[in-house]
There are 2 protein chains.
Amino acid sequence: MTDQLKRQVTLDEVAERAGVSRSAASRVINNAPHVSKAKRDAVQRAVNDLGYVPNATARALATQQVGAVVLAISSDNPQVFTDPFFADVAVGVNSVLEETELELILQLATSTRGQTRLEQVLRTRQADGVMLMSMHGDDPLAQIAEDSDVPVVFGGTPANFEPRYYVDADNRGGARLATEHLVATGRTRIATITGRMDEGAGTARYRGYQDALAVAGLDASRVVYGDFSEEGGGRAMEQLLAEHPDLDAVFVGSDQMAIGAMRVLKDAGRTIPGDVAVVGFNDVVLARHTEPPLSTVSQPIQSLGREMARMLLALIAGESPTPLILPTRLVRRASS
Amino acid sequence: MTDQLKRQVTLDEVAERAGVSRSAASRVINNAPHVSKAKRDAVQRAVNDLGYVPNATARALATQQVGAVVLAISSDNPQVFTDPFFADVAVGVNSVLEETELELILQLATSTRGQTRLEQVLRTRQADGVMLMSMHGDDPLAQIAEDSDVPVVFGGTPANFEPRYYVDADNRGGARLATEHLVATGRTRIATITGRMDEGAGTARYRGYQDALAVAGLDASRVVYGDFSEEGGGRAMEQLLAEHPDLDAVFVGSDQMAIGAMRVLKDAGRTIPGDVAVVGFNDVVLARHTEPPLSTVSQPIQSLGREMARMLLALIAGESPTPLILPTRLVRRASS
DNA sequence: ATGAAAGCGCTAACAC
DNA sequence: GTGTTAGCGCTTTCAT
């Protein structure tokens with residue numbers, strides 16, 4: 001029957017009830033040494049009787065540690081978080097944070113206000129650590145984060161620079177896998193629709209495509225730059241069809257774009273995979289349900305979240321973890 | 001050129017720099033009255049020069065307000081948050097919180113530890129308010145939340161009781177809409193697959209189905225209880241087919257289940273919507289891409305998040321908002 | 001209008 | 001092992 005839900009129970013009350021000094025009580029709570037077993041038990045009992053829970057704020061003020069880390073998504077578009085990708089990351093992050101005493105603050109830094117806030121967190125240590133996702137190449141926050149003395153780990157890598165601490169999926173390797181598969185199945189006129197080239201994932205996947213074709217000695221010039229969106233994928237496919245009507249395969253930088261591209265291909269009367277093989281990237285749920293089901297590259301998103309959290313914890317503990325690149329794998333379905 | 005990223009700048013430093021007392025500086029920061037224009041400006045200047053940002057923790061301790069609210073998902077399954085539904089809610093919540101000084105803490109209360117933590121938040125006011133989502137009927141947290149003196153707003157309603165403050169989608173009305181539509185298009189042997197009956201959404205949608213059939217004077221006994229999952233939907237459909245082979249329509253309590261059900265129907269050789277019309281609920285992205293595209297009931301999820309946040313803000317401000325039920329609408333596609 | 005002083009609840013030196 | 005003491009950085013009476 002712990003207690004009424006009324007006022008906060010303080011350490012002093014616990015100490016008094018247990019008949020010990022406040023410092024003794026404090027020591028017990030943080031199980032520090034130098035307390036006799038007798039007192040220890042007395043305090044424990046008092047804690048139970050009173051239903052004492054330390055005041056996190058007061059503790060934070062005294063220890064100069066906030067007790068919370070931030071998961072930040074920086075983007076100009078408030079809707080990005082709608083991408084199932086982030087929910088998965090969040091689940092992963094949460095799963096390791098749950099083992100600690102740290103709270104998870106979600107910062108959708110989408111408006112100017114949001115960005116400013118994140119910047120302040122970074123500058124004035126309003127959190128014990130920050131996980132930063134999905135940076136566009138020229139996002140000023142990236143540099144601010146990198147320079148901050150708050151521990152920061154990046155999720156994914158911005159296009160223009162390599163942060164000190166990050167965890168990323170092996171985008172390049174995955175793209176290469178996908179393209180090699182296209183080569184292996186006899187395709188010779190392989191095009192690509194890239195993602196945004198100011199995002200690391202966009203450029204890395206494009207490189208993977210180039211890698212594979214270079215090794216195979218095939219022409220890698222059938223490329224159109226996309227923007228990761230379904231409509232963008234459709235437009236890109238139209239352009240590709242116009243410029244390279246002879247193509248017999250296309251590696252697309254994201255499933256969303258691939259879906260748009262497949263629609264355009266079908267409208268143009270090309271069969272999939274008969275006339276044109278298609279491979280996407282990300283393995284979103286939808287990929288299983290397209291017509292035909294979409295071959296794609298799958299990345300361990302929850303692991304990414306977990307590893308980000310672990311790396312941040314290590315950083316906070318004063319260690320110097322090395323960046324991590326998580327493996328991707330090809331999921332072959334009917335579209336290729 | 002605000003400042004180095006070094007140590008925290010304190011109010012005292014600002015005060016000294018501005019040549020005023022700390023209390024004066026504090027008043028300016030919180031733009032309280034009783035400060036001369038001259039001092040006011042001096043302080044402002046000092047703030048800019050020094051790049052002062054108040055220490056949130058210290059402020060929280062002094063004001064007894066945390067400066068953060070919690071968005072909590074209570075569930076036994078860590079993966080629920082993976083449901084795009086919650087990401088949308090989060091985006092909605094964030095959009096209104098962004099206008100305030102409040103942080104958003106994400107609590108995936110999925111393990112025992114998580115639940116305990118949420119319970120402590122509720123009991124010992126570790127947050128200024130809590131938004132609680134997706135409660136199963138017998139979740140003890142629901143009652144704890146309702147009894148807590150921390151402001152709490154529920155997202156959706158548990159099956160067994162009606163919280164004081166909540167915002168929900170009009171599940172019953174939407175289900176009725178869907179079923180009426182089935183009736184209007186000439187179906188007469190209309191079955192249903194329900195969601196979990198220990199969740200408010202499950203029971204409410206079932207009631208809506210009953211409502212519509214009662215008005216139409218049709219038999220409402222073709223019912224199987226599902227669990228909101230795709231496989232569950234498939235199993236339920238099999239059972240339905242076995243028990244009521246004559247059915248010519250089915251209202252399914254969620255799109256996920258509907259997808260499973262459609263698969264089973266097709267496997268059983270029934271055409272959709274020729275032999276059997278199908279309507280789902282939620283309007284997930286996938287619904288647009290099934291074969292045939294799935295008719296469904298759409299709910300304004302981001303609005304739900306927004307309204308939850310608004311209601312919580314009102315509660316924190318000491319007002320007594322009334323519960324909100326958000327309208328749903330039928331999205332007719334090819335499956336019905 | 002203004003400043004002094006007393007906390008908010010906790011931790012961490014420090015002396016015993 | 002134990003208790004005393006001084007903060008952490010801010011807000012807020014309360015005199016002036």
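Excluded from the calculations below are hydrogen atoms, water molecules and symmetry mates; all remaining heavy atoms, backbone and side chain alike, are included. Here is how names work: the chains are called A, B, and so on, in the same order as the sequence lines, proteins then strands, and each is numbered from 1. As the structure is a computational prediction, the values presented were derived from the model and not from experiment.
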- Are more than 12 heavy atoms from other residues, nucleotides or ligands located less than 6.0 Å from atom CD of A/Glu16? no
- Task: Count the heavy atoms of every other residue, nucleotide or ligand shown that sit under 6.0 Å from CD of A/Gln79, and state whether that count exceeds 12.
- Result: yes
- Phosphate OP1/OP2 of D/dT2 contacted by A/Ser36 side-chain N/O (<4.0 Å): yes
- Output yes when at least one side-chain N/O atom of B/Asn30 is less than 4.0 Å from OP1 or OP2 of D/dT11, else no. yes
Could you check how far [atom1] of [X] sits from [atom2] of [N], rounded to whole Å?
X        : N      : atom1 : atom2 : value
A/Ile29  : C/dT11 : CD1   : P     : 8 Å
B/Asn55  : D/dG7  : CG    : P     : 18 Å
B/Glu16  : C/dG3  : CD    : C1'   : 15 Å
A/Glu13  : C/dC8  : CD    : P     : 11 Å
B/Asp12  : D/dG7  : CG    : P     : 13 Å
A/Glu101 : C/dT11 : CD    : C1'   : 16 Å
A/Gln65  : D/dG9  : CD    : C1'   : 17 Å
B/Leu50  : D/dG9  : CG    : C1'   : 15 Å

- Task: Evaluate the side-chain proximity of A/Thr82 to B/Gln302: yes if any heavy-atom separation is below 4.5 Å, no if none is.
- Result: yes
- When the nearest nucleotide of DNA chain C is assigned to B/Val20 and to A/Thr63 on a heavy-atom basis, which residue is associated with the more 5' position? B/Val20
- Item | Residue mapping more 5' on DNA chain C - nearest nucleotide basis, B/Lys39 or A/Leu61 | B/Lys39
- Task: Hey, which sits more toward the 5' end of DNA chain D by its nearest nucleotide, B/Arg27 or B/Tyr52?
- Result: B/Tyr52
Side chain of [X] only, please: which of [options] is the nearest?
X       : options               : value
B/His34 : D/dG1, C/dT2, D/dG3   : C/dT2
A/Val35 : C/dA12, C/dG9, D/dT2  : D/dT2
B/Gln64 : C/dC8, C/dC10, D/dC10 : C/dC8

Looking at the base of [N], is there any donor atom on it, or on the side chain of [X], that sits under 3.5 Å from an acceptor on the other one?
X       : N      : result
A/Ser23 : D/dG3  : yes
B/Ser21 : C/dA4  : no
A/Arg22 : C/dT11 : yes

- Base, sugar-phosphate alone, or nothing: which one does B/Pro33 contact when heavy atoms must sit under 4.0 Å apart? nothing
- Query: Looking only at heavy atoms, which two atoms of A/Phe154 and A/Ala142 are closest? And how far apart?
  - Reply: CZ-O, 3.6 Å
- Regarding A/Arg113 and A/Thr116, is there a side-chain donor-to-acceptor distance under 3.5 Å anywhere? no
